[in-house]
A.B. asks: 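Please see the structure below; I have some questions.
Computed over heavy atoms, backbone and side chain alike; hydrogens, waters and symmetry mates excluded. Below, chains carry the letters A, B, ... as their sequence lines are ordered, and counting in each starts from 1.
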Amino acid sequence: MLDARFIRDNLADVEARLKTRGGDVDLGGFRELDARRRDLLQQSETLKALRNKVSDEISRTKDKSQVQGQIAEMREVSQRIKALDEDLRIVEEELERLLLTVPNIPSPATPVGTSEADNVEVRVWGERPVFDFTPKPHWEIGEALGILDFECGAKLAGARFTLYRGIGARLERALINFMLDLHTERHKYVEMLPPFMVNRESMTGTGQLPKFEDDLFHLEGVDYFLIPTAEVPVTNIHRGEILRGADLPLRYTAYTPCFRKEAGSYGKDTRGLIRQHQFNKVELVKFVRPADSYRELEKLLADAEEVLRQLRLPYRVVELCSGDLGFSAAKTYDIEVWLPGQDTYREISSCSNFEDFQARRASIRYREEEKTKPEFVHTLNGSGLAVGRTLVAILENCQRSDGPVVIPEVLRPYMGGQEVIG
RNA sequence: GGAGAGAUGGCCGAGUAGGUCGAAGGCGCUCGCCUGCUAAGCGAGUAUACUGGGAAACCGGUAUCGAGGGUUCGAAUCCCUCUCUCUCCGCCA
């Protein structure tokens with residue numbers, strides 16, 4: 001959420017910068033609602049001040065018969081206050097609804113552009129493997145090895161669900177443990193294991209609600225949502241809190257499954273593990289001082305990249321342009337892993353600085369010193385990494401001509417020493 | 001699922017026959033004084049949000065005692081609904 005006062009004071013500038021995301025931006029309604037809100041608030045508060053003053057006088061008058069006039073008068077004042085407050089409530093609700101659907105302002109560091117095509121390649125790492133045969137896509141490899149069973153996934157749940165079997169299941173688990181160990185031991189993140197479903201406040205805090213309810217699985221009977229990413233529960237850990245400056249930056253990592261409806265992606269990526277309703281992810285989340293947030297973003301990105309480097313999987317980093325930026329982000333880097341079976345780079349991590357956008361929604365503040373005013377923190381997060389897609393990258397990059405897949409060295413301790421699948 | 005108890009400021013904890021309670025007291029913290037150092041002691045201060053004025057320092061108003069609603073001139077205190085926590089019973093990995 002943007003700061004209402006900031007919008008009020010910089011309306012034209014805010015509109016112009018939001019336009020770089022593409023689509024329509026109209027903050028005209030904001031100005032009017034904001035003005036009406038303050039007008040109603042002042043009227044109501046003036047009357048309340050009067051009522052408080054007169055009530056105080058009444059309380060000090062022992063003979064109540066002397067103040068019957070004031071009591072009658074205040075009865076009327078209270079009615080007017082009630083009416084004003086009702087109008088105010090409606091205006092504030094509208095204003096809130098409007099503000100919650102306005103996306104974050106892209107950072108000046110975000111390149112301006114209209115689509116994916118305008119994203120900027122920042123760096124490329126690793127050697128793409130050279131094959132003396134035509135590399136297969138992971139779904140063929142996984143099925144042939146008997147470790148990925150798409151048909152059974154569909155039988156158990158439906159399209160976009162997969163059953164991992166045997167060594168495939170173990171490889172997924174090995175990746176999760178490897179990533180968590182790397183981030184906790186080497187990068188000094190604190191591991192969290194949060195609830196996999198959360199309430200409406202949490203979803204609103206990180207920006208999934210109210211605008212993207214259609215993308216979420218909602219439970220029947222209780223107002224809980226399955227999390228689409230660990231970002232939601234982990235960022236909301238500090239919702240409504242005032243943190244101590246000395247404790248910043250806070251770094252958390254968490255493994256969770258993620259659940260997404262993938263509405264609007266019919267027919268897209270229907271084969272294989274790329275786009276599933278349920279997938280595993282290890283997430284990195286940071287709470288930092290505003291002045292440090294862009295430096296922390298670079299570090300977070302490096303922490304995520306380190307996973308691919310250790311696995312020796314080739315990738316590139318791209319900077320998302322304004323038109324491709326997510327709703328809550330001010331600046332985002334995507335890490336894209338090379339998939340030789342599909343002859344393309346594929347997103348495997350998205351690392352973003354949300355600045356104070358989520359912090360304002362979720363009211364996450366910090367106080368530098370005991371006496372200083374609380375300020376909003378900046379929140380960041382990134383995948384470290386999407387586990388299923390990492391498994392995909394291993395199958396495709398480490399495949400051999402006759403079918404087997406070589407397990408990356410760093411994973412072997414997690415695989416009971418096994419070196420090859422198949 | 002059933003029965004009961006509770007939710008007050010950074011923390012602990014008073015306050016329920018409605019008013020002088022943004023809220024006693026203690027702890028913590030900040031500043032000052034005092035003391036050869038430390039400890040102790042003394043004094044002052046110590047919430048947040050919105051809003052009006054001001055260049056600012058700051059000054060004023062309103063709201064907040066789990067959340068929402070009601071009664072009343074006036075609610076931390078009375079009534080209703082909800083949420084959460086705790087205890088006991090049941091059930092269960």
Side-chain angles (χ1 to χ4, degrees), chain A residues 1-9 30-100 193-205 209 219-225 233 236-248 250 257 287 356-377:
Chain A
M1 186 159 62
L2 302 178
D3 181 7
R5 260 176 305 191
F6 183 80
I7 301 178
R8 188 189 301 155
D9 296 339
F30 169 82
R31 174 155 276 178
E32 195 194 327
L33 283 170
D34 181 59
R36 276 188 64 202
R37 182 184 94 85
R38 282 181 297 155
D39 179 50
L40 287 168
L41 190 64
Q42 275 178 56
Q43 289 187 47
S44 169
E45 290 191 348
T46 305
L47 289 178
K48 281 175 183 168
L50 174 70
R51 183 179 68 185
N52 285 346
K53 189 164 150 273
V54 174
S55 287
D56 188 54
E57 284 163 19
I58 292 170
S59 76
R60 272 181 297 191
T61 308
K62 296 205 180 67
D63 181 0
K64 299 296 187 213
S65 67
Q66 288 179 8
V67 291
Q68 285 312 308
Q70 275 106 309
I71 287 177
E73 204 183 312
M74 287 309 108
R75 190 174 301 152
E76 208 171 294
V77 166
S78 277
Q79 292 307 312
R80 280 163 60 200
I81 289 172
K82 199 183 255 184
L84 284 168
D85 281 350
E86 177 60 17
D87 291 348
L88 184 63
R89 189 185 61 79
I90 291 166
V91 169
E92 281 184 337
E93 260 175 28
E94 277 180 56
L95 198 58
E96 172 93 349
R97 200 162 30 214
L98 193 150
L99 283 175
L100 284 176
L193 184 59
F196 298 162
M197 49 185 96
V198 298
N199 57 31
R200 197 167 278 277
E201 292 75 53
S202 295
M203 282 294 183
T204 306
L209 291 180
L219 300 202
E220 208 169 303
V222 281
D223 198 17
Y224 293 157
F225 296 86
N236 277 281
I237 288 172
H238 294 298
R239 171 154 51 85
E241 295 185 359
I242 299 176
L243 305 168
R244 300 187 339 174
D247 294 337
L248 300 181
L250 290 169
F287 302 82
D356 62 5
F357 188 84
Q358 293 181 327
R360 183 172 292 104
R361 284 180 162 238
S363 188
I364 306 169
R365 292 172 293 173
Y366 81 106
R367 219 192 286 272
E368 192 53 67
E369 303 286 339
E370 285 284 345
K371 298 283 231 174
T372 57
K373 261 211 158 9
E375 270 186 74
F376 289 114
V377 298

A.B. asks: Could you let me know what B:C88 is paired to, Watson-Crick or G-U wobble, both distances under 3.5 Å, or none if it's on its own?
C.D. replies: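 Checking every strand shown, B:C88 finds its partner in B:G2, with both distances under 3.5 Å.
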A.B. asks: If B:G10 has a Watson-Crick or G-U wobble mate with both distances under 3.5 Å, name it; if not, just say none.
C.D. replies: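 Because both required distances fall under 3.5 Å, B:G10 counts as paired with B:C27.
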A.B. asks: Tell me which nucleotide, if any, is Watson-Crick or G-U wobble paired with B:U71 when both distances must be under 3.5 Å.
C.D. replies: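 Checking every strand shown, B:U71 finds no partner, since no pair has both distances under 3.5 Å.
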A.B. asks: Sticking with atom P, work out how far B:G18 lies from B:C79, rounded to a whole angstrom.
C.D. replies: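 Going atom to atom, P in each nucleotide, I get 12 Å.
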A.B. asks: Think A:Thr46 has a side-chain N or O under 4.0 angstrom from the OP1 or OP2 of B:U62?
C.D. replies: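 The answer is no; no side-chain N or O of A:Thr46 sits under 4.0 Å from OP1 or OP2.
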A.B. asks: Applying the Watson-Crick and G-U wobble criteria at under 3.5 Å, what pairs with B:U77? Answer none if nothing qualifies.
C.D. replies: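 B:U77 is paired with nothing.
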A.B. asks: Give the rounded distance in Å between these two atoms: NZ of A:Lys82 and P of B:C73.
C.D. replies: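 To the nearest whole Å, that distance equals 11 Å.
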A.B. asks: Is the phosphate of B:U62, meaning OP1 or OP2, less than 4.0 Å from a side-chain N or O of A:Asn52?
C.D. replies: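 Affirmative; the distance criterion is met.
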A.B. asks: Hey, what do you get for CD (A:Glu368) to CG (A:Leu248), rounding to the nearest 0.5 Å?
C.D. replies: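 Answer for the CD-CG pair, A:Glu368 versus A:Leu248, is 7.5 Å.
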A.B. asks: Would you tell me whether A:Asn199 and A:Ser202 have side-chain atoms, one donor and one acceptor, within less than 3.5 Å of each other?
C.D. replies: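 Yes.
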A.B. asks: Given the C1' atoms of B:G6 and B:A56, what is the spacing between them in whole Å?
C.D. replies: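 The same atom, C1', in both gives a distance of 47 Å.
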A.B. asks: Just how far, in rounded Å, is P of B:G61 from CG of A:Leu84?
C.D. replies: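 That distance rounds to 20 Å.
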A.B. asks: Report the distance from atom CZ of A:Arg239 to atom C1' of B:A67, rounded to the nearest whole Å.
C.D. replies: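 So the CZ-C1' distance, A:Arg239 to B:A67, works out to 14 Å.
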A.B. asks: Roughly how far apart, to the nearest Å, are B:A44 and B:A49 at atom P?
C.D. replies: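 Roughly 27 Å separates the two P atoms.
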A.B. asks: Which of these passes side-chain contact (heavy atoms from CB on, under 4.5 Å) with A:Ile364: A:Asn236, A:Ile237, A:Leu243, A:Ile242?
C.D. replies: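 With A:Ile364 as partner, side-chain contact (heavy atoms from CB on, under 4.5 Å) holds for just one option, A:Leu243.
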A.B. asks: Please give, in whole Å, the distance from B:U51 C1' to A:Asp85 CG?
C.D. replies: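 For the pair A:Asp85 CG and B:U51 C1', the rounded distance is 14 Å.
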A.B. asks: Ignoring hydrogens, what is the shortest heavy-atom contact between A:Asp34 and A:Arg8? Give both atom names and the distance.
C.D. replies: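 Distance-wise, the nearest heavy atoms are OD2-NE, 2.6 Å.
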A.B. asks: Considering residues, nucleotides and ligands other than A:Arg200, do more than 12 of their heavy atoms fall under 6.0 Å from its CZ?
C.D. replies: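 For A:Arg200, atom CZ is crowded (more than 12 foreign heavy atoms under 6.0 Å).
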A.B. asks: Answer yes or no: side-chain N or O of A:Glu45 and base N or O of B:G61 forming a donor-acceptor pair under 3.5 Å.
C.D. replies: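 Looking at the base of B:G61, it does pair with a donor or acceptor on the side chain of A:Glu45 (distance under 3.5 Å).
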A.B. asks: Take atom CG of A:Leu50 and atom P of B:G74, then tell me their distance rounded to the nearest Å.
C.D. replies: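 To the nearest whole Å, that distance equals 12 Å.
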A.B. asks: Think A:Arg51 has a side-chain N or O under 4.0 angstrom from the OP1 or OP2 of B:U72?
C.D. replies: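 It does not, given that no N or O in the side chain of A:Arg51 lies less than 4.0 Å from OP1 or OP2 of B:U72.
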A.B. asks: Return no unless some side-chain N or O of A:Arg8 is found under 4.0 Å from OP1 or OP2 of B:U51.
C.D. replies: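 Yes, A:Arg8 has a side-chain N/O under 4.0 Å of OP1/OP2 on B:U51.
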A.B. asks: Looking at B:C50, I'd like to know if its phosphate oxygens (OP1 or OP2) sit under 4.0 Å from a side-chain N or O belonging to A:Arg5.
C.D. replies: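 Yes, within the criterion.
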A.B. asks: Looking only at side-chain atoms of A:Ser55, point me to the closest of B:A47, B:G70, B:G74.
C.D. replies: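 Nearest listed nucleotide: B:G74.
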A.B. asks: So if I take every side-chain heavy atom of A:Arg38 and compare against B:G70, B:C73, B:G52, which nucleotide ends up nearest?
C.D. replies: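 Closest nucleotide to the A:Arg38 side chain: B:G52.
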A.B. asks: Under 4.0 Å between a side-chain N/O of A:Lys62 and OP1 or OP2 of B:G19, yes or no?
C.D. replies: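 So the side-chain polar atoms of A:Lys62 never come under 4.0 Å of the phosphate oxygens OP1 or OP2 of B:G19.
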A.B. asks: For A:Gln42 and B:U51, give me the distance from atom CD to atom C1', rounded to whole Å.
C.D. replies: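 The answer, rounded to whole Å, is 7 Å.
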A.B. asks: When you check the phosphate oxygens OP1 and OP2 of B:G68, does a side-chain N or O of A:Arg89 lie under 4.0 Å from one of them?
C.D. replies: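 A:Arg89 to B:G68 OP1/OP2: no side-chain N or O under 4.0 Å.
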A.B. asks: In whole angstrom, give me the gap between the C1' atoms of B:U51 and B:C29.
C.D. replies: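 Per the computed distance, 30 Å lies between those C1' atoms.
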A.B. asks: Would you measure the distance from the P atom in B:U38 across to the matching atom in B:C31 and give it in whole Å?
C.D. replies: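 Approximately 14 Å lies between the P atom of B:U38 and that of B:C31.
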A.B. asks: Please report, rounded to the nearest Å, how far the C1' atom of B:A47 is from the OH atom of A:Tyr366.
C.D. replies: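 For the pair A:Tyr366 OH and B:A47 C1', the rounded distance is 19 Å.
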A.B. asks: Could you say whether A:Pro374 or A:Lys53 is positioned toward the 5' end of RNA chain B, judged by the nucleotide with the nearest heavy atom to each?
C.D. replies: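 The residue whose closest nucleotide sits nearer the 5' end is A:Pro374.
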A.B. asks: Closest approach to the side chain of A:Lys64, judged atom by atom: which nucleotide of B:G70, B:C73, B:G19 is it?
C.D. replies: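 For the A:Lys64 side chain, the nearest candidate turns out to be B:G19.
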A.B. asks: In plain terms, say whether A:Arg89 and A:Asp85 are close enough for a salt bridge, that is, a side-chain N and a carboxylate O under 4.0 Å apart.
C.D. replies: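 No, this pair does not count.
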A.B. asks: Suppose you measure atom P in B:A14 against the same atom in B:G90; what distance do you get, rounded to whole Å?
C.D. replies: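 The answer is 33 Å between these two P atoms.
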A.B. asks: Please determine, for the side chain of A:Arg75, which listed nucleotide (B:A49, B:C73, B:G19) has the closest atom?
C.D. replies: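 Side chain of A:Arg75 sits closest to B:C73.
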A.B. asks: Classify A:Arg37 by what it touches in the nucleic acid, base, sugar-phosphate, or nothing, heavy-atom distance under 4.0 Å.
C.D. replies: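 Sugar-phosphate contact only.
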A.B. asks: To check you understand the geometry: which heavy-atom pair defines the closest contact between A:Phe30 and A:Leu98, and what is its length?
C.D. replies: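 Answer, listing the atom of A:Phe30 first, then A:Leu98: N-CD1, 4.0 Å.
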A.B. asks: Could you let me know what B:A55 is paired to, Watson-Crick or G-U wobble, both distances under 3.5 Å, or none if it's on its own?
C.D. replies: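 No nucleotide pairs with B:A55.
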A.B. asks: Using Watson-Crick or G-U wobble geometry with both distances below 3.5 Å, tell me the partner of B:U64, or none.
C.D. replies: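 Check on B:U64: paired to B:A47, both distances under 3.5 Å.
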A.B. asks: Mind checking who B:G36 pairs with, Watson-Crick or G-U wobble, both distances under 3.5 Å?
C.D. replies: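 Matched B:G36 with nothing under the 3.5 Å cut-off.
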A.B. asks: Write down the distance separating the P atoms in B:G26 and B:A40, rounded off to the nearest Å.
C.D. replies: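 Here B:G26 and B:A40 have their P atoms 16 Å from each other.
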A.B. asks: Atom CD of A:Gln43 to atom P of B:G52: distance rounded to whole Å?
C.D. replies: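 To the nearest whole Å, that distance equals 13 Å.
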A.B. asks: For atom C1', what is the distance between B:G25 and B:G66, given to the nearest Å?
C.D. replies: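 The answer is 24 Å between these two C1' atoms.
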A.B. asks: What is the nucleic acid contact for A:Leu41, judged by heavy atoms within less than 4.0 Å: base, sugar-phosphate only, or nothing?
C.D. replies: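 A:Leu41: backbone/sugar contact only, no base atoms under 4.0 Å.
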A.B. asks: Short question: side chain of A:Ser44, backbone of A:Leu40 - any donor-acceptor pair under 3.5 Å?
C.D. replies: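 Pair absent, no side-chain N/O of A:Ser44 close to backbone of A:Leu40.
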A.B. asks: In Watson-Crick or G-U wobble terms, both distances under 3.5 Å, what is the partner of B:G18?
C.D. replies: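 Check on B:G18: unpaired, no WC or wobble geometry under 3.5 Å.
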